[in-house]
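Presented below is the structure to which this report refers.
Chain A is the first sequence line, chain B the second, and so forth, proteins listed ahead of strands; every chain is numbered from 1.
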Number of protein chains: 2
Amino acid sequence: MRIGELARQSGCGVETIRYYEREGLLPAPARSAANYRQYDQRHAERLAFIRHCRALDMTLEEIRTLLAYHDHPERPCHEVNGLIDAHLAHVAARIRQLQALETALVALRARCNGEAEAEACGILRELSRPLGEDELPAAGEGAHLPGAHG
Amino acid sequence: MRIGELARQSGCGVETIRYYEREGLLPAPARSAANYRQYDQRHAERLAFIRHCRALDMTLEEIRTLLAYHDHPERPCHEVNGLIDAHLAHVAARIRQLQALETALVALRARCNGEAEAEACGILRELSRPLGEDELPAAGEGAHLPGAHG
DNA sequence: ACACACCCTGTAGCCACTACAGGGTCAAGA
DNA sequence: TCTTGACCCTGTAGTGGCTACAGGGTGTGT
């Protein structure tokens with residue numbers, strides 16, 4: 001199968017597949033006479049594994065670790081559990097942060113009904129106030145998950 | 001005041017301040033004879049505004065829009081409200097996504113107690129399963145907020 | 001005279017892609 | 001046979017919001 005079909009099958013872009021190959025997540029496949037990449041079912045399965053992990057928002061580095069276990073089925077798997085636990089903790093932390101953000105934004109939003117001039121707008125006034133020490137930690141701090149703009 | 005003091009006062013890095021200047025969020029300040037940037041209170045206030053917005057996880061583009069209202073106090077401010085509403089919607093969407101992620105991860109985690117070999121590990125087995133159509137949309141899709149790794 | 005903290009510009013790196021530019025290959029239709 | 005268009009290749013640059021240099025100049029204290 002060529003790269004385009006693998007892309008359709010896996011639901012990711014052609015460029016992304018080539019990127020995973022460059023990053024060493026997918027092995028370089030055989031090539032046709034015309035230098036086209038030729039994939040088989042094992043490539044498709046490995047890519048499905050990667051996409052499944054990405055859908056769970058794991059980093060490529062985390063996925064690399066999981067693939068190493070995938071590739072060495074005789075190893076004990078407790079590190080796998082640790083990785084998932086750590087990832088879960090990151091996700092939970094990010095949720096708490098975003099909820100705090102949401103609360104702050106709702107409060108901010110309530111300060112203006114949009115019928116004033118900018119000078120009198122309670123939102124802009126509030127944003128001009130410097131941040132308190134404890135106010136809101138910088139977005140994303142601590143967790144290794146991105147902020148609100150995905 | 002020089003850039004180092006502004007950085008301490010605002011709680012952000014020196015490089016970040018220079019970055020905001022390059023991006024046009026902070027106006028270029030006067031320079032000393034030695035070509036050092038010299039900031040005054042208005043710069044400090046504008047930087048506080050920016051940092052406040054960043055703490056609410058707004059993009060620099062969103063902040064640019066808000067700063068335009070800040071700079072034109074005679075304009076009506078309803079667009080400000082729209083921007084905050086849109087941002088709130090993004091944050092709320094991201095929270096829902098991450099909660100779905102969390103649920104999926106908890107279910108995944110329950111599949112192995114970490115005492116098996118990788119070959120028998122229910123987590124790796126589950127990750128090898130291809131994603132269903134509706135499973136989990138690609139992280140961050142739709143919302144313009146980043147995923148779990150901030 | 002020297003150390004050391006601070007400042008300058010400019011460039012490259014981070015992540016996980018995405019989007020080109022500029023070319024080659026292949027099958028179907030006129 | 002010629003052309004069209006879909007597909008493929010490599011390599012490079014861009015995204016956002018910083019962060020981290022390299023390689024230099026400046027200011028202050030001892």
At less than 4.0 Å, is any side-chain N or O atom of [X] found next to OP1 or OP2 of [N]? Yes or no.
X: A:Arg18; N: D:dG11; result: no
X: A:Ser32; N: D:dC8; result: no
X: B:Tyr20; N: D:dG17; result: no
X: A:Arg37; N: D:dC9; result: yes

Mark yes when over 12 heavy atoms from residues, nucleotides or ligands other than A:Arg31 sit less than 6.0 Å from its CZ; otherwise mark no.
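Enclosed.
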Does [X] pair with [Y] as a salt bridge, N-O distance under 4.0 Å?
X: B:Glu15; Y: B:Arg18; answer: yes
X: B:Glu45; Y: B:Arg42; answer: no
X: A:Glu126; Y: A:Arg129; answer: yes

Provide, to the nearest angstrom, the distance between the CG atom belonging to B:Asp57 and the C1' atom belonging to D:dG17.
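About 11 Å, once rounded to whole Å.
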Gap between atoms CG and P, on A:Leu56 and C:dA16 respectively (whole Å)
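Taking CG of A:Leu56 and P of C:dA16, I get 14 Å after rounding.
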So which nucleotide from D:dG17, D:dT19, C:dA16 ends up closest to the side chain of B:Thr59?
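Nucleotide nearest to B:Thr59's side chain: D:dG17.
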Proximal nucleotide (of C:dT9, C:dC6, C:dT18) relative to the B:Arg8 side chain:
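Looking only at side-chain atoms, B:Arg8 lies closest to C:dC6.
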Quick one: on DNA chain D, does B:Glu61 or A:Tyr36 contact a more 5' nucleotide (nearest heavy atom)?
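It is A:Tyr36 whose nearest nucleotide is closer to the 5' end.
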Residue whose closest nucleotide on DNA chain D lies nearer the 5' end, B:Glu15 versus B:Leu60
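Of the two residues, B:Leu60 wins.
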For A:Arg2, which contact category applies under a 4.0 Å heavy-atom criterion: base, sugar-phosphate, or nothing?
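Here A:Arg2 touches the backbone only, sparing every base.
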